[in-house]
Amino acid sequence: MRFNIRNLFERLLRHHGPQSWWPADDPFEVMVGAVLVQRTNWHNAALGIAALKDRNLLRTTGLIEVGETALQACIKAAGFYRTKAARLKTLAQFVEGAGGIEGLRQHSTPALRQQLLALNGIGPETADVILLYAFARPVVVIDDYLRRLWRRVHGLDRTNDDELRAAVFAQLCKTDELNELHALVVANSKTVCRKVPVCGCCCLRETCQMAAQARCITRHGRKVWASLEN
DNA sequence: CACCAGGGTGGTT
DNA sequence: AACCACCATGGT
């Protein structure tokens, strides 16, 4: 049976259960969290969120008015604190200037995505996370885990991000499904699956025990995972 | 101790 | 277009 993203989604959901993402009280908090969690585990990002809340800085004007150094100290636990402090200020300025969350909500998904990508520190993944979890738009979030998963079940192929996005969206296009999918892919990346029978598509880590079920081969001088079909 | 964690940017080949 | 160094903390 050919690999099927919906089938994978159902397996992941059955194994890990609903993830209830995004852990935030409001859309702006999602945006801030999306920046703080860049190349950082959620625990440390959450320390930054909590510190911002303690100082009542988790709002646009708060982030705009606070001193750069004070902001850096506040989010230090999240790592990359100098970079992220600047990014949060950029983000807060943008949201404030756009009429707040309600103002942003008026834009179409492509228009909003374009504006987010124009900001320093917001790349494709962060923009899509914001669109999906802060604005509930049906967007496919593509991260390294999903790319790795795709490679594992398909072997080496030329699928780029746009093609991967289209392939996923063809089978999962509801906001609730895409919300759950990304959360499950991330949750799965942290778990070396030992319980699920050979599913061939539940595990992402190269160290996963289940990886033994896939054939590791070499193509074009690179180690890749052969297709698992059959 | 090394390695990882829910990326993005700017510069170089 | 593909690589690279860099940003930097806290947990295992």
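Letters go in sequence order (proteins before strands), and every chain restarts at 1. What you see is a predicted model; the values in this text were computed from it and never measured.
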Can you give one letter per nucleotide of nucleotides 5-12 of chain C, going 5' to 3': B for a protein heavy atom under 4.0 Å from the base, S for sugar-phosphate only, - for none? --BBBSS-

Begin from the C-alpha positions of A/Phe94 and A/Thr60 and carry the test side-chain contact (heavy atoms from CB on, under 4.5 Å) through to its verdict. CA-CA 9 Å; A/Phe94 166 69; A/Thr60 55; over 6 Å; no

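Nearest heavy-atom pair across A/Gly17 and A/Glu180 is O-OE2, 4.1 Å.
Atoms NE2 (A/His182) and C1' (B/dG7) sit 11 Å apart, rounded to a whole Å. Atoms CG (A/Leu88) and C1' (B/dG7) sit 14 Å apart, rounded to a whole Å. Nucleotide B/dT9 holds its C1' atom 11 Å from the CD atom of A/Gln38, rounded to whole Å. Between A/Asp144 atom CG and B/dG8 atom C1' there is a gap of 12 Å when expressed in whole angstrom units. One atom, CE of A/Met31, and another, P of B/dG7, lie 17 Å apart when rounded to the nearest Å. Put simply, CG on A/Asn120 is 17 Å from P on B/dG7, counting in whole angstrom units. Remark: P of B/dG7 and CG of A/Leu117 are 16 Å apart, rounded to the nearest angstrom.
Comparing B/dC3 with C/dA5, their P atoms sit 15 Å apart, to the nearest whole Å. Rounded to whole Å, the C1' atom of C/dC3 lies 22 Å from the corresponding atom of B/dA5. Between B/dG8 and C/dG10, the distance separating the two P atoms is 23 Å to the nearest Å.
No salt bridge links A/Glu68 with A/Arg82; every basic N to acidic carboxylate O contact stays at or beyond 4.0 Å. The existence of a salt bridge linking A/Arg137 and A/Asp128 is excluded, since no basic side-chain nitrogen approaches an acidic carboxylate oxygen closer than 4.0 Å.
When each of A/Asp161, A/Asn160, A/Thr159 is paired with A/Arg147, the side chain to side chain donor-acceptor pair (under 3.5 Å) condition holds for A/Asp161 and for no other. When each of A/Leu47, A/Leu52, A/Asn44 is tested with A/Leu36 by the rule side-chain contact (heavy atoms from CB on, under 4.5 Å), just one qualifies, namely A/Leu52. A side-chain contact (heavy atoms from CB on, under 4.5 Å) with A/Leu57 holds for exactly one of A/Val32, A/Ile64, A/Val66, A/Leu88; it is A/Val66.
No side-chain N or O of A/Glu96 forms a donor-acceptor pair with one of A/Thr61 less than 3.5 Å apart.
A/Leu119 comes within 4.0 angstrom of sugar-phosphate atoms only, judged by non-hydrogen atoms across all strands, and of no base.
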In dot-bracket notation, what is the pairing pattern of DNA chain C, taking Watson-Crick (N1-N3 plus N6-O4 or O6-N4) and G-U wobble (N1-O2 and O6-N3) contacts under 3.5 Å, with [ ] crossing and | for other strands? |||||||.||||

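The aromatic rings of A/Trp21 and A/His182 stand perpendicular to each other, their planes meeting at an angle above 60°, with 30° marking the opposite boundary.
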